[in-house]
Amino acid sequence: KLAAHEVLVQLGHKRATMTLKEAYALYSRRTVDDWQKRGLIQRLPRKTKTSPIRYETLQLITADLNRKYSYYTKPNNNTPQ
């Protein structure tokens with residue numbers, strides 16, 4: 001998934017960054033704020049005071065993949081053995 005995104009960015013089909021509003025819509029505000037607090041994602045510096053808050057899309061994808069992986073590898077998560 002990460003490699004596919006990187007190729008699409010290089011080809012110009014996807015952007016390398018995502019606004020805070022887009023991240024909230026895709027992953028939920030609670031999740032994005034949690035990742036921020038835990039240091040999994042970092043805000044990019046703003047170009048001006050009125051520029052939107054942006055994140056690197058690869059950081060968001062990586063944090064999401066880690067969240068999904070950790071859910072399935074937790075002991076006692078009611079998965080069949």
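We count residues from 1, following the sequence as given.
With hydrophobic clusters built from ILVMFWY side chains whose heavy atoms lie under 4.5 angstrom apart, Y24 does not share a cluster with L44.
Between atom CD of residue E56 and atom CE of residue M18 there is a gap of 11.5 Å, rounded to the nearest 0.5 Å. Rounded to the nearest 0.5 Å, atoms CG (D33) and CD1 (I41) are 8.0 Å apart. Here CZ of R15 is found 4.0 Å from CD of E22. Values are rounded to the nearest 0.5 Å. Rounded to the nearest 0.5 angstrom, D64 CG and Y27 OH are separated by 5.0 Å.
Checked against side-chain contact (heavy atoms from CB on, under 4.5 Å), I53 has the following partners two or more places apart in sequence or in another chain: L20, R43, R46, Y55. Remark: R30 engages no residue in a side chain to side chain donor-acceptor pair (under 3.5 Å) (not counting sequence neighbours).
The nearest pair of heavy atoms linking A23 to V32 is O-CG2, 3.6 Å.
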Inset, instruction - Apply side-chain contact (heavy atoms from CB on, under 4.5 Å) to R38 and D34, showing your working. - result: CA-CA 6 Å; R38 293 174 38 203; D34 180 55; 3.0 Å; yes
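Inter-residue side-chain proximity for L65 and I61 is flagged as met; some heavy-atom pair is nearer than 4.5 Å.
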